[in-house]
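What follows is a set of notes on a single structure, which appears directly below.
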Amino acid sequence: MTEHAFQLHHGNAACTVNGSGRPLLLIHGFPFDHTMWQNQIEPLAEHCQVIAPDLRGYGGSSLAQKDAEQGVLMSTYAEDLIAVLDQVGVNEPVILCGFSMGGYILWQLAKRFPERVKALVPCDTRAAADTDDARAGREKMASTVAETGTEPVVEAMLPKLVAKHTLDARPELVEQVSSMIRGARPAAIAAAQRGMAQRPDMTDALAEFDWPALLIGGAEDAISPPAEMRGIADVLPQGRFVEIAGAGHMSPLENAPAFNEALLAFVRSL
Ligand code: MLT
């Protein structure tokens with residue numbers, strides 16, 4: 001594994017690169033970092049070049065000064081990722097795998113930089129914009145997190161992030177997810193919440209996203225439920241949905257063997 005610290009125009013970006021061959025970019029969700037892919041990186045690196053960056057503000061990557069106040073747009077995260085790919089030296093089109101907020105970023109990356117895309121793997125994500133209520137909830141968290149710290153974020157998010165049986169019977173996994181949230185910087189949480197609140201509805205644009213596309217989602221995902229993921233797969237010209245049994249929103253962690261099997265079969269089919 002190689003760990004990079006790249007200098008981008010706004011600050012530094014941390015990124016791990018593993019394996020060789022066809023490039024696969026893993027885009028983490030909110031409010032996590034690249035370690036959410038810990039069960040994917042090594043098995044996938046046997047087949048591809050796995051590039052797993054920390055998004056702006058998360059893990060080893062820094063925020064710009066006004067990010068918390070103004071929010072980081074999904075298109076800005078996408079531009080950062082293109083800069084990271086350039087610094088890794090990736091010129092060929094990449095397989096984009098984006099989890100949840102990483103999926104929102106994946107749509108923007110594909111829209112703005114279509115020549116950099118080989119295939120899409122949106123996981124546990126949505127194409128719709130927020131409702132007014134959801135936007136208000138994000139603003140509330142963004143404006144209070146600096147004061148309250150991350151514990152209320154853990155409490156608010158955890159029951160929606162994992163399936164009920166994970167919550168009841170898998171304390172180690174619950175602790176792993178909780179500690180990633182706990183460790184996130186309040187400013188990065190505010191920046192992402194304000195950025196996600198501004199994200200556009202991509203539903204109508206998806207008919208033009210004519211790439212091989214595998215959608216993966218937990219059968220018990222309460223944030224991006226299977227029916228909604230299936231709806232996205234139906235709109236994407238080459239879309240197909242695989243439902244992961246025994247998993248909520250955190251399907252790459254809750255059922256890594258099934259998640260990896262689906263992703264690897266797709267990668268091999270390209
Ligand atoms: C995520 O997992 O990235 C978030 O739940 C996405 C969101 O808040 O919409």
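Just follow the structure's listing: the first ligand is 1, and inside any ligand the first atom is 1.
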Are any of the side-chain nitrogens in [X] or [Y] under 4.0 Å away from the carboxylate oxygens of its partner?
X	Y	answer
Asp234	Arg230	no
Asp221	Arg126	no
Glu220	Lys164	no
Arg56	Asp80	yes

Numbering as shown, the atoms of ligand 1 that approach [X] to under 4.0 Å (heavy-atom distance):
X	result
Phe99	2 (O)
Ile223	5 (O)
Gly29	3 (O)

Any N/O pair [X]/ligand 1 closer than 3.5 Å:
X	result
His249	yes
Phe30	yes
Met196	no

>> Would you say the rings of His34 and Tyr58 are close, in the sense that their centroids are separated by under 6.0 Å?
In response: no

Taking heavy atoms and a distance under 4.0 Å, where does [X] meet ligand 1: side chain, backbone, both or neither?
X	answer
Arg138	side chain
Asp124	neither
Arg126	neither

>> More than 12 heavy atoms of other residues, nucleotides or ligands under 6.0 Å from CD of Glu261: yes or no?
In response: no

> Is the number of heavy atoms from other residues, nucleotides or ligands under 6.0 Å of Glu92 CD greater than 12?
Replying inline: yes

> For atom 9 (O) of ligand 1, what is the nearest protein heavy atom, given as residue, atom name and distance?
Replying inline: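 Residue, atom and distance for the closest contact: Tyr104 OH, 2.6 Å.
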
> To the nearest 0.1 Å, how far is atom 6 (C) of ligand 1 from its closest protein heavy atom, and which atom is that?
Replying inline: Ser100 OG, 3.1 Å

>> Once rounded to the nearest 0.5 Å, what's the spacing between atom NE2 of His9 and atom CD of Glu79?
In response: 7.0 Å

